[in-house]
Amino acid sequence: MKWSHVVFVVMGWMVWQQLALAQSPSATKPVIPPTLDATLQEALRTAPDQSRWPNSHYVKLLDLGELTVEPDGTTIGIYRETYKLFDRAARALAEVHLPFNSSFQELTLVSARTIEPDGKVLTVPLNSLRQEGVESDYPLYDDAVAIGFSMPGIQDNCVIDYTYKIVTHPTFFPGLVTAYWGFNDAFPVMLSRYTLHVPASMTNLRIRLHHMEGVKTSETISKDGHTKTLTWQMGPLDPIPIETAMPAIGDVRAWMEISSLPDWQAIGRWFYKLCTPQWQPDDAMRQKVAQLLTGLTSPEARASAIYRWVTDHVRYVGLEFGLSAYKPHAAATVFRNLYGDCKDKVILLITMLRLAGIEAQPALLYAGRLRPLTADLPSLTAFNHCIALASVNGKSVWMDPTAEDCPYGVVPDADQGVQALVVSENGGTLQTVPIGTPEQEGADFLITMVVGANGAATVTEKAILEGETARSVRGTWRDLTEDRRKTFVGQLIQQFGISGEINECTLSEKAPEQDAVGLDCHLQAASVGRDAGNLLLLPAFSVLLNQVDARPYSAPKRVWPIVIEHPSHVSDIVSVTLPKGCRVLHLPASVHIEGPLETYDRKVTLSDDGSRVTISDRFVQRNGEVAVADYGKEQQFWGQVIQALQDTLVVQKP
């Protein structure tokens with residue numbers, strides 16, 4: 001092709017591109033219907049395209065909340081959410097679900113519409129709304145409902161806009177006014193604004209701002225002096241950077257809270273009154289407790305038997321604490337129906353424990369949230385879960401009857417380290433659920449392998465799995481067929497760089513108080529190393545081998561501190577019997593590596609006759625926080641570990 005032809009083709013392509021861009025909705029000014037309100041028109045006029053945030057699938061153009069507090073404590077909230085959908089991945093936003101509690105709230109959809117890129121407006125008909133039961137199969141929970149609807153005309157670069165109103169009556173907690181508003185999130189937000197109207201005479205309302213440097217605030221008093229209006233506004237706001245092992249979004253976002261409560265004990269007193277009439281036993285329950293306690297004399301055995309029965313026999317219906325009615329159902333009703341949510345199961349557990357002469361109290365917490373309650377204002381939104389604290393033979397024992405795989409005296413990781421409100425008649429106390437030690441969480445492996453000259457091996461693995469690891473494996477194992485169990489074990493042992501045909505695998509329960517299971521398997525591996533002529537190259541077998549490819553914390557910089565919520569350990573002893581007549585030319589080095597929160601040790605030994613190599617390593621991770629300034633130390637630790645894991649056992653064949 002001649003050079004002039006090349007120039008002509010390139011120029012033609014450029015003209016075509018310009019024409020295409022001229023016709024593309026994203027390259028032209030948006031068509032803004034004049035019938036829209038001024039706020040939405042301005043949002044559309046300033047709406048960015050995806051090039052501003054190329055890693056985001058959508059942008060929230062408007063996030064507006066307006067709460068009016070009436071003199072009698074009724075609150076009227078009007079909320080508006082407006083999104084521009086950049087691409088296909090954002091289309092899930094078109095299915096809208098607005099939950100509320102029908103026992104003390106009313107929700108009304110004010111408007112919902114889609115604005116297409118060409119300016120066409122498609123409205124959601126109010127007769128197309130769906131009232132959805134959150135748990136419609138369980139009639140005890142029919143007060144937890146949601147309004148659902150589908151946004152029409154969804155396509156790239158369209159805008160969806162809806163406004164709804166929630167009226168909350170102060171019937172369940174007289175005098176309570178609490179609110180939460182988050183300004184930024186993991187997606188970009190152009191404008192977030194929260195407006196609060198309260199009676200000027202209301203002096204018990206407290207407001208606290210978090211991470212809101214640069215926020216625009218205003219305060220006005222109505223002409224008649226009866227109403228005070230406060231407004232907070234932020235935007236545009238970049239997405240919150242998401243990193244591995246970062247703090248919870250709620251701990252780093254810009255947010256504000258409002259509360260009329262004087263202290264956390266006010267919630268405790270209120271919840272205790274709700275519980276008091278509900279933990280009355282009936283004759284059937286008394287008979288069951290007597291049956292469970294037959295032959296049991298120690299308080300620990302009696303408490304364990306009751307906990308195990310409630311956990312195993314009462315089906316858990318998973319509802320968030322704030323969606324269903326706050327009042328637990330009667331223990332006798334839960335006992336009869338054999339299902340309930342967290343607070344229902346706790347009420348039944350406490351009632352049965354008291355029949356056995358064991359005192360226990362409900363404890364409210366937010367599962368997985370390590371931020372202490374004392375850091376925030378008192379609010380019901382601070383809780384999403386209920387567990388129990390019992391006094392057994394003078395010792396405090398935490399129990400979570402929704403955790404089927406937790407033995408007596410053990411609670412899930414999500415509960416550990418969390419500050420809970422232990423409820424009593426006088427309001428209760430704030431107590432932190434104890435967190436486990438590294439020794440109580442993790443896995444210990446003992447692997448023996450006999451290697452052939454071609455690298456094939458007969459492998460036997462024995463493992464003891466502890467804590468959350470044991471509970472997870474136990475729960476998974478229970479629902480697998482025999483063949484799928486072999487696949488599951490095969491995936492587990494592949495972490496050592498070993499794969500093959502599983503001949504046998506078994507899971508055995510250890511003593512319940514150990515919170516552990518044993519896993520045994522036997523397999524034939526076609527190759528555990530690499531055949532290199534007269535050499536056999538074997539890896540430095542370790543359960544951490546998969547970290548070589550994962551490379552934790554590989555990003556050059558860090559925005560947030562590294563937060564390790566729960567301690568753990570993993571250790572393994574791998575005994576390798578070499579092919580007869582082979583000679584070891586190189587052994588992986590023994591190492592000791594310290595990180596900010598971690599320790600890695602490896603010891604490699606060769607038997608006196610040179611026929612067996614034993615590789616023992618142990619990785620321990622403590623809970624805590626690594627500051628951004630110490631990120632380099634974390635990277636250095638993992639760099640050294642990965643380098644050690646890449647070492648090779650070199651064996652010369654006879």
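Keep in mind it's a predicted model, so treat the numbers as computed, not measured. Only heavy atoms go into these numbers, but all of them, side chains included; no hydrogens, no water, no symmetry mates.
Remark: aromatic rings of Tyr194 and Phe183 are distant, center separation not under 6.0 Å. Taking the six-membered ring wherever Trp is involved, the centroid distance between the rings of Tyr316 and Tyr339 does not fall below 6.0 Å. Ring pair Tyr164/Tyr79: centre-to-centre distance below 6.0 Å.
Dense packing is recorded around OH of Tyr631, with more than 12 heavy atoms of other residues, nucleotides or ligands lying under 6.0 Å away.
Although no hydrogens or angles enter the test, the distance criterion places a donor-acceptor pair under 3.5 Å between the side chain of Gln41 and the main chain of Pro34. Judged purely by atom type and a 3.5 angstrom limit, Glu81 has no side-chain atom pairing as donor or acceptor with the backbone of Thr163. A donor-acceptor distance shorter than 3.5 angstrom exists from the side chain of Ser259 to the backbone of Leu261, with no hydrogens or angles considered. Although no hydrogens or angles enter the test, the distance criterion places a donor-acceptor pair under 3.5 Å between the side chain of Arg253 and the main chain of Asn184. Judged purely by atom type and a 3.5 angstrom limit, Thr74 has no side-chain atom pairing as donor or acceptor with the backbone of Glu70. A donor-acceptor pair under 3.5 Å links the side-chain atoms of Ser260 to the main chain of Gly175, judged by distance alone. Side-chain atoms of Lys84 come within 3.5 Å of backbone N or O of Pro48 as a donor-acceptor pair. With hydrogens and angles ignored, the 3.5 Å screen pairs no side-chain donor or acceptor of Glu257 with any backbone N or O of Tyr180. The backbone N or O of Glu42 sits less than 3.5 Å from a side-chain atom of Thr46, completing a donor-acceptor pair.
Between the side chains of Asp415 and Trp398, no donor N or O sits under 3.5 Å from an acceptor N or O. Checking His566 against Glu468 by side-chain atom types alone, no donor-acceptor pair falls below 3.5 Å. Side-chain polar atoms of Ser192 and Trp181 form a donor-acceptor pair below 3.5 angstrom. In this structure, a donor-acceptor pair under 3.5 Å is present between the side chains of Asp87 and His57. Between the side chains of His329 and Asp344, at least one donor N or O lies within less than 3.5 Å of an accepting N or O.
Counting heavy atoms from C-beta on, the side chains of Pro199 and Val69 come closer than 4.5 Å. Between Pro236 and Pro188, every side-chain heavy-atom pair lies at or beyond the 4.5 Å cut-off. Inter-residue side-chain proximity for Leu274 and Phe173 is flagged as unmet; no heavy-atom pair is nearer than 4.5 Å.
Only one option out of Leu205, Thr227, Ile258 pairs with Val198 in a side-chain contact (heavy atoms from CB on, under 4.5 Å); it is Leu205. A side chain to side chain donor-acceptor pair (under 3.5 Å) with His197 is found for exactly one of Thr75, Thr68, Thr229, namely Thr229.
Using a 4.0 Å cut-off between a side-chain N of Lys or Arg and a carboxylate O of Asp or Glu, Glu243 and Lys557 do not qualify as a salt bridge. By the 4.0 Å N-to-carboxylate-O rule, Arg369 lies close enough to Asp376 to be salt-bridged with it. Ionic pairing of Arg622 and Glu598 is not present here: no N-O contact between side-chain nitrogen and carboxylate oxygen is shorter than 4.0 angstrom. Between Asp156 and Arg88, none of the side-chain N atoms (NZ, or NE/NH1/NH2) sits under 4.0 Å from a carboxylate O, so this pair counts as no salt bridge. Contact check on Arg80 versus Asp37 returns a salt bridge, with a Lys/Arg side-chain nitrogen under 4.0 Å from an Asp/Glu carboxylate oxygen.
Summarising the geometry, atom OG1 belonging to Thr82 is positioned 6.5 Å from atom CG belonging to Leu64; distances are rounded to the nearest 0.5 Å.
Legend: ring-ring contact (aromatic ring centres under 6.0 Å, His included) pairs involving residues 201-252, not counting sequence neighbours, sorted by first then second residue: His210-Trp255.
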